[in-house]
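This report refers to the structure that appears directly beneath it.
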Amino acid sequence: MENSNGADGTPADSVRRAASSAQDALSATKDAALHQIEEQGARVAGSLDSAVETLRRAANDIQGEHAFIGMALTKSADGLETASQSLAGGDINQALGQLNEFARRQPAVFLGASVALGFVLARVGKTAVENVADASTLAPATSPGW
């Protein structure tokens, strides 16, 4: 059957084709995003490792005076370390699941660790931007070759 505009198919067929195209585009975008996240996983894992070390030092320092807080910090470090290992291994879904579980078990510590990690990532980002800016000012200007 031909529509009045000359196209074959029914409006329902057009809707199905459009929905299928949208689903394909969404799937491709999701795959690309997951690929980027997995590539950056090692970098984030390094930042998490730094946060884990800081939490462990803080737990050791405070253990004598406030054993409960020291134990909470140690458990937090353990949870972050597990997530970091998953990220470094490239399993983003497992890492996100472990972070979610950690956040449910230790919400206050998770919030504090998130803030600390945010500061670490901001510092890393600032350093990267400064390095790029320094490199661009040190690079010799190129002539257009006219």
Side-chain angles (χ1 to χ4, degrees), residues 7-146:
D8 289 337
T10 64
D13 290 337
S14 296
V15 169
R16 278 192 290 276
R17 283 192 302 274
S20 177
S21 294
Q23 184 65 33
D24 291 345
L26 181 63
S27 179
T29 302
K30 179 182 172 186
D31 290 344
L34 283 174
H35 179 70
Q36 288 292 339
I37 290 170
E38 287 172 355
E39 284 183 355
Q40 298 300 322
R43 187 174 292 162
V44 173
S47 295
L48 283 176
D49 288 342
S50 176
V52 166
E53 289 175 25
T54 302
L55 282 171
R56 290 197 192 285
R57 277 195 306 270
N60 289 337
D61 290 347
I62 203 166
Q63 190 69 35
E65 297 175 25
H66 304 285
F68 177 75
I69 295 172
M71 185 174 56
L73 291 175
T74 299
K75 285 184 179 183
S76 299
D78 292 343
L80 286 176
E81 184 174 41
T82 302
S84 173
Q85 290 168 348
S86 295
L87 274 176
D91 190 349
I92 189 71
N93 290 327
Q94 182 181 1
L96 290 175
Q98 289 167 342
L99 281 174
N100 189 18
E101 183 181 324
F102 171 69
R104 288 181 182 177
R105 281 193 326 254
Q106 302 281 338
V109 177
F110 177 78
L111 181 61
S114 297
V115 169
L117 182 59
F119 283 123
V120 168
L121 291 175
R123 182 65 191 145
V124 168
K126 181 181 177 196
T127 301
V129 168
E130 289 171 350
N131 288 343
V132 168
D134 289 345
S136 67
T137 59
L138 295 176
T142 58
S143 63
W146 295 328

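- Under the 3.5 Å distance criterion, with hydrogens and angles disregarded, no donor-acceptor pair is assigned to the side chains of Ser20 and Arg17.
- Salt bridge Arg56/Asp61: absent, no basic N to carboxylate O contact under 4.0 Å.
- In this view, Arg57 satisfies the salt bridge (Lys or Arg N to Asp or Glu O under 4.0 Å) rule with no residue, not counting sequence neighbours.
- Taking every heavy atom of both residues into account, Ala59 and Thr74 meet most closely at CB-OG1, 3.4 Å.
- With sequence neighbours left out, the side chain to side chain donor-acceptor pair (under 3.5 Å) criterion links Asp49 to Ser84.
- Using a 4.0 Å cut-off between a side-chain N of Lys or Arg and a carboxylate O of Asp or Glu, Asp78 and Lys75 do not qualify as a salt bridge.
- Residues satisfying the side chain to side chain donor-acceptor pair (under 3.5 Å) criterion with Glu53, sequence neighbours excluded, are absent altogether.
- Remark: Asn60 engages no residue in a side chain to side chain donor-acceptor pair (under 3.5 Å) (not counting sequence neighbours).
- Applying the salt bridge (Lys or Arg N to Asp or Glu O under 4.0 Å) criterion to Glu130, with sequence neighbours excluded, gives Lys126.
- Partners of Ala25 by side-chain contact (heavy atoms from CB on, under 4.5 Å), not counting sequence neighbours: none found.
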